[in-house]
2 protein chains.
Amino acid sequence: MTEEQAMKYLQDTLFVVGGKWKLPILRAIHSGNYRFRDIQRSVPLITTRVLSKELKHLEENKLVIRTVYHSPLAVEYKVSDYTLSLLPVIKEMILWGKNHREKIREK
Amino acid sequence: MTEEQAMKYLQDTLFVVGGKWKLPILRAIHSGNYRFRDIQRSVPLITTRVLSKELKHLEENKLVIRTVYHSPLAVEYKVSDYTLSLLPVIKEMILWGKNHREKIREK
DNA sequence: GATACCAATATCCTAAAGGATACCAAACGG
DNA sequence: CCGTTTGGTATCCTTTAGGATATTGGTATC
């Protein structure tokens, strides 16, 4: 793998999980909020417009599965099994972020 | 660690290494380009304005060290030892991004 | 002494991300 | 039926990221 390719993959990952809302949304769904309004309520301050867009993005990237049920009518969002593959990345990012806070507070 | 804290750390990490240029700049410096113009040349299409801003951001986050030499006058940028702590994050992101490309190409 | 290189900074501009608010049709609950 | 909830979409606006271009003050080169 050339460094350029590596950079491309890096940017891809940032594109898929980056931004303000994608990971909080995944967390909300993962912890049991399957309905649009429930997700919205569990991701404080997000607007319907942004939530709608982000859910589409996550669905296009196969991280979220959208299912429509009839009688009773309902739309359900679930995280896919594929989302599990993100765990190592997320874990490392959390660890680094935590350590970084301490590092920055140092004088 | 609560989930909210974890989310905060995640956002911190994204803030420090996210965006279009920070990781390409780190890579450029790491592979031997220490001078402003050299870095600019090795990160294609970046403008001086953006490079200058990003270098400051990286310096504030202790990933890059800026040294000024007199006689001959020169400014040198180096990646810090601390930057090494980013390697696991970067590695996971590259791996995931590579795998994701294949996943998305699947029908 | 003109020219060119260096590390930037200053202005101005465009594009993308995100936010506020209103609205909609379908279904549900009393 | 009437109000409410649901899963959104439509407009419009603000903020942030990033880009284009010119300029600066110092040094080195010719």
Side-chain angles (χ1 to χ4, degrees), chain A residues 7-8 10-30 32-61 63-79, chain B residues 7-8 10-29 32-61 63-79 93:
Chain A
M7 284 297 135
K8 199 182 60 180
L10 255 168
Q11 303 293 353
D12 285 355
T13 301
L14 283 172
F15 178 70
V16 175
V17 302
K20 190 169 175 181
W21 298 114
K22 288 170 196 89
L23 291 168
I25 290 168
L26 284 179
R27 174 193 128 272
I29 301 176
H30 185 251
N33 301 279
Y34 304 133
R35 312 284 302 274
F36 191 93
R37 296 289 169 189
D38 292 338
I39 299 166
Q40 188 179 7
R41 273 186 282 267
S42 102
V43 179
L45 302 182
I46 197 170
T47 63
T48 58
R49 178 183 176 277
V50 172
L51 179 55
S52 175
K53 282 192 159 196
E54 296 289 53
L55 284 171
K56 261 173 204 148
H57 172 102
L58 293 169
E59 202 192 345
E60 280 161 12
N61 285 281
L63 295 172
V64 156
I65 296 164
R66 181 180 182 270
T67 319
V68 181
Y69 295 102
H70 308 276
S71 57
L73 184 87
V75 179
E76 197 180 86
Y77 293 93
K78 290 248 188 185
V79 297
Chain B
M7 284 296 134
K8 198 183 59 181
L10 254 168
Q11 303 293 354
D12 286 354
T13 301
L14 283 172
F15 177 70
V16 175
V17 302
K20 189 170 174 181
W21 297 114
K22 289 171 196 88
L23 291 168
I25 290 168
L26 284 179
R27 175 194 127 272
I29 301 177
N33 301 279
Y34 304 132
R35 313 283 301 274
F36 192 93
R37 294 288 165 188
D38 292 338
I39 299 165
Q40 189 180 6
R41 273 186 280 267
S42 103
V43 179
L45 300 181
I46 198 170
T47 63
T48 58
R49 178 182 177 277
V50 171
L51 179 55
S52 176
K53 281 193 158 195
E54 297 289 52
L55 284 171
K56 259 173 205 147
H57 171 102
L58 293 169
E59 201 191 346
E60 280 161 12
N61 284 281
L63 295 172
V64 156
I65 297 164
R66 180 180 183 271
T67 318
V68 180
Y69 295 103
H70 308 275
S71 57
L73 184 85
V75 179
E76 195 180 87
Y77 293 93
K78 291 248 189 184
V79 296
M93 289 178 74

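We name chains A, B, ... by the order of the sequence lines, and we start the count at 1 in each one. Heavy atoms only: backbone and side chains are in, while hydrogens, waters and symmetry mates are out.
Put simply, OG1 on B/Thr13 and CE on B/Met93 are 9.5 Å apart, with the number rounded to the nearest 0.5 Å. Rounding to the nearest 0.5 Å gives a distance of 10.5 Å between OG of B/Ser52 and CD of B/Gln40. Going from atom CD1 of A/Ile39 over to atom CZ of A/Arg27 covers 11.5 Å, rounded to the nearest 0.5 Å. B/Tyr34 OH to B/Ile29 CD1: the interatomic distance, rounded to the nearest 0.5 Å, is 10.0 Å. Between the CD atom of A/Glu59 and the CG atom of A/Asn61 there is a distance of 10.5 Å, given to the nearest 0.5 Å.
Summarising the geometry, the separation between CG on B/Leu58 and P on C/dA8 is reported as 13 Å, rounded to the nearest angstrom. A straight line from CG of B/Leu23 to C1' of D/dA17 spans 16 Å, rounded to a whole angstrom. Atom NZ of B/Lys22 and atom P of D/dA17 are 7 Å apart (whole Å). For B/His57 and D/dA17, the NE2 to P distance is 10 Å, given to the nearest whole Å. Taking atom CD of residue A/Glu54 and atom C1' of nucleotide C/dA16, one finds them 12 Å apart after rounding to whole Å. Distance NZ (B/Lys53) to P (D/dT16): 11 Å, rounded to an integer number of Å. One atom, CZ of B/Arg66, and another, C1' of C/dA7, lie 8 Å apart when rounded to the nearest Å. The nearest whole Å value for the distance from the CD1 atom in B/Ile29 to the P atom in C/dA7 is 12 Å.
You'll find that the side chain of A/Pro72 is closest to C/dC28, out of C/dC28, C/dA8, C/dG18.
Note on B/Tyr77: a side-chain N or O is less than 4.0 Å away from OP1 or OP2 of C/dA8. Distances shorter than 4.0 Å separate some side-chain N or O of A/Trp21 from OP1 or OP2 on C/dG19. The phosphate of C/dT9 has OP1 or OP2 within less than 4.0 Å of a side-chain N or O from B/Lys56. Side-chain nitrogen and oxygen atoms of B/Lys20 include none within less than 4.0 Å of the OP1 or OP2 phosphate oxygen of D/dT16.
Residues A/Ile46 and A/Ile25 meet the side-chain proximity criterion, which asks for heavy atoms closer than 4.5 Å. When side chains are defined from C-beta on, A/Val50 does not count as touching A/Lys53, because their heavy atoms never get closer than 4.5 Å. Using a 4.5 Å heavy-atom threshold, the side chains of A/Thr67 and A/Lys78 count as separate. Side-chain atoms of A/Leu51 and A/Phe36, non-hydrogen and from C-beta on, do get closer than 4.5 Å to each other. By the 4.5 Å heavy-atom criterion applied to side chains, B/Thr48 and B/Arg37 are counted as neighbours.
Aromatic ring orientation, B/His57 versus B/Phe15: perpendicular (interplanar angle above 60°, classes split at 30° and 60°).
Within residues 32-39 of chain B, the residues approaching DNA chain C are B/Arg35, B/Phe36, B/Arg37, by heavy-atom distance under 4.0 Å. A heavy atom closer than 4.0 Å to some atom of DNA chain D occurs in A/Arg41, A/Thr48, A/Arg49, these being the qualifying members of residues 40-51 of chain A.
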Evaluation steps, side chain to side chain contact (heavy atoms under 4.5 Å, CB included), between B/Leu58 and B/Lys22: CA-CA 8 Å; B/Leu58 293 169; B/Lys22 289 171 196 88; 4.2 Å; yes
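Secondary-structure annotation of DNA chain D gives the stems C:1-30 with D:1-30, with a stem taken as at least 3 successive Watson-Crick or G-U pairs whose two distances both fall under 3.5 Å.
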